[in-house]
Amino acid sequence: MRKQHIRKYTLSALATIAAIVGIVLLAVRLIHKPKENKEQADMTLQTEIIAEVDTIVLHRETFHQQLLCNGKLLAIHRAELMCPKSGSVVERVLVDNGQWVEEGKVLAIAENRSEQTELEKARKELERATVDLQDKLIGLGYDGDGSKVPEEILHRAEVTSGYTTAQYALKSAEKALADCYLKAPFSGKIADLQARAYQRGDKFATLIDDSSFDVDFQILEAELPAVKSGQRVKVTPFVDSQLTLTGTIININPTIDAKGLIAVKARIPNTSAQLIDGMNVKVIVERDVEDMMVVPKEAVVERDGYHVVFAYHPESHRTIWIYVDILYSNLTSFAITGCERKNTSISPGTIIITSGNLNLADDTEVKIKQTER
């Protein structure tokens, strides 16, 4: 009897455990079933969504090739001005930083009392020598009018009377006084002013003519065929991306440095009056290339290390995967052709997808939102 009781108890326990396991499995199934249904619904939804894209019709046109470089502005006329009468006290400073001055304007005056005294003395000495010259000419039988005296006799009289020496002394005194006045050699702006009134100094300031600038930049050796003198360039300061000025390349240095770079200089008129000497700028060298097939940069994507565009088949409404090579580029566009390594071709009239192409594959159904002609 005892063995039958134990056996009955064991069977009952096993039945209970089986029931519990069944409940657990059911619960797990109920928990995961909504998630599985959700994932399946999402996949179904994704397969039902048709990508909307923008397109253009490919045709041949002029491509504006652009070569991007960094450069620095340098004023065409720039002079390092020294203080008048170097080493002497600057008595007056008549300008300030940023001030525009015309050619010939007095910028500063050095202490010049001794020079004024010497000038006055030289004038008096010339007056005395002039009287002595006239006395000599009268003594030689002339009326004192040098215009009627033979040249050789007049010259001898000027030397012996001290007239020649007095003239030279006067010119020297006038020059010494003029050297006490610093004048602008050309029209421009004052920069880096260092001189102060009643102080000694050597450097006075820098004078800059900012009506035009030269911009120095460098190109790679491989880029040389795309650059030539007289070519158009656009210059944009880094501090103001909205400002763009147009200039011209004026010379190309005919040497290549150790880094494989070539120095190029372009001239830019400062029509905006916002450019400053030493300013860092972005330089765009432009060249027109005829008969190119041009697409926006967004139309080209990378697949397997190659450049690819997606063409649109208007009858099947599906995509066609085309490998391409990029011939030229600028800030917004590529000039493309068929891929040489993949032996593909592309021709005018092809409808090219320009947006919504990042996740496209070959033979994908799409819907056109807009087509540019």
Side-chain angles (χ1 to χ4, degrees), residues 74-212 277:
L74 297 173
I76 296 177
H77 295 115
R78 177 189 178 100
E80 302 293 335
L81 304 179
M82 306 304 291
C83 289
K85 195 180 174 184
S86 182
S88 299
V89 174
V90 177
E91 196 169 76
R92 297 177 63 190
V93 176
L94 305 176
V95 292
D96 205 348
N97 274 326
Q99 181 177 339
W100 176 268
V101 296
E102 297 294 333
E103 180 180 353
K105 176 180 172 59
V106 177
L107 309 178
I109 304 173
E111 192 280 323
N112 55 44
R113 294 179 184 82
S114 61
E115 284 75 16
Q116 289 180 350
T117 300
E118 289 298 319
L119 177 61
E120 186 63 27
K121 179 180 177 181
R123 287 171 177 168
K124 298 295 184 182
E125 186 61 28
L126 181 61
E127 289 180 4
R128 185 193 64 76
T130 301
V131 173
D132 288 347
L133 174 61
Q134 291 176 343
D135 290 343
K136 280 188 173 296
L137 293 177
I138 292 173
L140 293 173
Y142 300 99
D143 60 1
D145 185 0
S147 62
K148 299 178 181 180
V149 181
E151 183 177 349
E152 183 178 350
I153 295 175
L154 179 61
H155 177 69
R156 184 179 301 172
E158 288 177 343
V159 172
T160 57
S161 65
Y163 181 81
T164 300
T165 302
Q167 275 190 321
Y168 178 78
L170 178 61
K171 290 180 180 179
S172 296
E174 288 174 342
K175 183 179 183 306
L177 182 59
D179 289 343
C180 296
Y181 292 78
L182 177 62
K183 296 182 179 181
F186 53 84
S187 299
K189 285 183 179 179
I190 299 295
D192 300 328
L193 180 63
Q194 295 185 13
R196 297 289 183 271
Y198 310 112
Q199 294 183 7
R200 298 179 186 273
D202 292 321
K203 182 178 178 180
F204 177 75
T206 302
L207 182 61
I208 299 171
D209 179 4
D210 62 355
S211 59
S212 294
D277 183 64

Query raised in the report: Are side-chain heavy atoms of Asn97 and Ile190 found at a separation under 4.5 Å?
Result: yes

Query raised in the report: Considering residues at least two apart in sequence or located in another chain, which fulfil the side chain to side chain contact (heavy atoms under 4.5 Å, CB included) criterion with Tyr168?
Result: Ser172

Query raised in the report: Listed by chain and number, what are the side chain to side chain contact (heavy atoms under 4.5 Å, CB included) partners of Gln194, not counting sequence neighbours?
Result: Lys203

Requested in this report: Run the salt-bridge test on Arg128 and Glu125 with the 4.0 Å N-O cut-off and return the result as yes or no.
Outcome: yes

Query raised in the report: Do Glu115 and Lys85 have side chains that get closer than 4.5 Å, going by heavy atoms?
Result: yes

Query raised in the report: Within a strict 4.5 Å, meaning less than it, do heavy atoms of the Arg123 and Leu170 side chains meet?
Result: yes

Query raised in the report: Got a sec: does the CD of Glu80 have more than 12 other heavy atoms crowding it under 6.0 Å?
Result: yes

Query raised in the report: Do the non-hydrogen side-chain atoms of Phe204 and Met82 ever get within less than 4.5 Å of each other?
Result: no

Report task. State, yes or no, whether a side-chain contact exists between Leu94 and Leu182 at a heavy-atom distance under 4.5 Å. Result -> no

Query - Between CG on residue Leu126 and NZ on residue Lys124, distance to nearest 0.5 Å - result: 11.5 Å

Report summary line: CZ of Arg92 to OH of Tyr198, rounded to nearest 0.5 Å, is 8.0 Å

Query raised in the report: Is the closest basic N to carboxylate O distance between Arg156 and Glu152 below 4.0 Å?
Result: yes

Report task. Decide, yes or no, whether a salt bridge links Asp132 with Lys136 under the criterion of side-chain N to carboxylate O below 4.0 Å. Result -> no

